Amino acid sequence: MALPAWLADAVLYQIYPQSYADSNGDGIGDLNGIESKLDYLAWLGVNTVWLNPCFASPMRDAGYDVSDYYAIDPRYGSRDDLSKLVDSASRKGIRILLDLVAGHTSDQHEWFVRSADDPNDHRYIWADRQDPGFQPSPGTRDGFYLPNFFPVQPALNFGYARMDPSEPWRQSVDAAGPRENRQALRDIMDYWLQTGVAGFRVDMASSLVKDDPGKNETAALWTDLRGWLDHAHPKAALLSEWAQPQVSVPSGFHADFFLHFGNSQAFRSLFHNGAVYDDTYRPRPCFFDPSGAGTGADFLAEWATATSVIGHSGHIVLPTANHDFPRLVAGSRTEEQARAALVFILTWPTLPAIYYGDEIGMQFQPGLPDFEGSVLGPPRVGYNRAGSRTPMQWDADDPEVTYLPPHPSPERPNVAAQQADPESTLNLVRSLIALRKSSPALGTSGAVEILNPGYPFVYRRGDEFTVAVNPSFTPATPEVLVSGELVLGRGATVEDGQLHMDSFSYAVYRD
Ligand code: NOJ
Ligand code: CA
């Protein structure tokens, strides 16, 4: 199975289209707006943009409820605008990935509207009684459908991994409905890849086949699709929202994200804890908590397991945040404190993914209204994702996007001010990206060796770089000798080879 060569050098940047840049003054970000910011993205140095869903949608889950996979939602523009964006981006060396919502559609999608009226249609999962989780038919069909996320998102039928006589509606993965849905996925991917997009981030990639505890049938589905992709579009990349690279990559994905959900503690143990996101990581503060009471051990153990399974067959993506969970600057974590995390992510052998705005230290904004399905219901009652979806802060006084309220403080970080300030978070991120791009040792293929697993976290990249980050308030003098020149850093000193790290410090040395 081929791995598109460009992916190894990808520096990802996630754009939430409605919140990024507005080209026509209606207050909602759009594709032409994104196109107008390509110079900025090229200046920053990112080379792969992942767009959250921009397909036609009633926006009951901000576009993750697709009503037509072949149409761009009018609020974002048209297919031509997307082609134009893809072309202009490619001239600047930037690839565009779309978000493929594979497991469900909107309840307004014509497939579902038809299915709700036709008892012989099996594109969705229909039960003859209302089992827990099933929803009443909105059409003339008798029965109850299975949602995949919110009730407005009926699950596409990819079959069940096993039959159960007490649930006679279960179909096998080879039944006609599941076969049609698999073909539909292929057709959608083919269509957009022909438009020139570089690949997809696949939403809820592990959710397709139901009652599939070992995920074998879900894996088989993706392996099959990957086989087709390798042949039809060998340069395309498939990234999964699965959060288990050791399972998703062998199933056919080129890369998978470490994320904030599931059994994995790798991501939560680094960046999130009870302070900012209630029920995700309780055992202790996260590693990038200023208390210095976290541990990197969970992350390192999972990293070691996942990389030993996937070897060179795929990558792990570490995002700064995304549209579903708090930004790096959230709760009590300040922009200054978040810098150590940015240094870590951009010097680790991961595919780094910057969530728009995190490059300037945009803040998670609590207390916003529930907007376009932003609030997650049980079991996370009350967690509002809108706080991570606020308008990109381009300059001090012109929040061109008004889709959600801009940050209330006039002190809010913004691109214009930070571009002008060589000491800004933005210029730090830019320098880190430039350094990574010019130094293979810092990329995905460079070796990594841990010199100090605690505070500060110190590691070697290749035979060339020593990276040290101290996200803690407490200064530290680890038993690590450092030689070489300081490439970038703050609050780190070396005396007679002995490294000393102040609170919230970071440094990259080159031999
Ligand atoms: C994961 C997406 O990231 C999230 O925003 C969405 O609500 C769910 N999947 C459902 O599609
Ligand atoms: Ca607009």
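Both counts, for ligands and for their atoms, begin at 1 and track the order of listing. Note that this is a predicted model, so its numbers are computed, not measured.
- Considering Gln171, Lys210, Arg179 in turn, Gln171 is the only one that fulfils the side chain to side chain donor-acceptor pair (under 3.5 Å) rule with Asn157.
- Glu180 and His122 share no side-chain donor-acceptor pair at under 3.5 Å.
- Judged by distance alone, the side chains of Asp73 and Ser57 never bring a donor and an acceptor atom under 3.5 Å apart.
- Between Tyr124 and His109, the distance from one ring center to the other does not fall under 6.0 angstrom.
- Using modelled atom types and a 3.5 Å distance limit, the side chains of Trp50 and Asp99 yield a donor-acceptor pair.
- Using a 3.5 Å distance cut-off with no hydrogens or angles, the side chains of Tyr160 and Glu167 do not pair a donor with an acceptor.
- Sorted by chain and number, the residues within 4.0 Å of ligand 1 by heavy atom are Asp61, Tyr64, His104, Phe149, Gln153, Arg201, Asp203, Met204, Glu241, His323, Asp324, Arg385, Arg389.
- Contact annotation: the side chain of Leu38 approaches that of Ile94 to within less than 4.5 Å [non-hydrogen atoms, C-beta and beyond].
- Between the side chains of Gln363 and His407, a donor-acceptor pair is found at a separation under 3.5 Å.
- Nearby protein atoms of type N, O or S around the Ca ion (ligand 2) amount to 5 (distance under 3.0 Å).
- Judged purely by distance below 3.5 Å, without hydrogens or angles, the side chains of Tyr69 and Asp187 never pair a donor atom with an acceptor atom.
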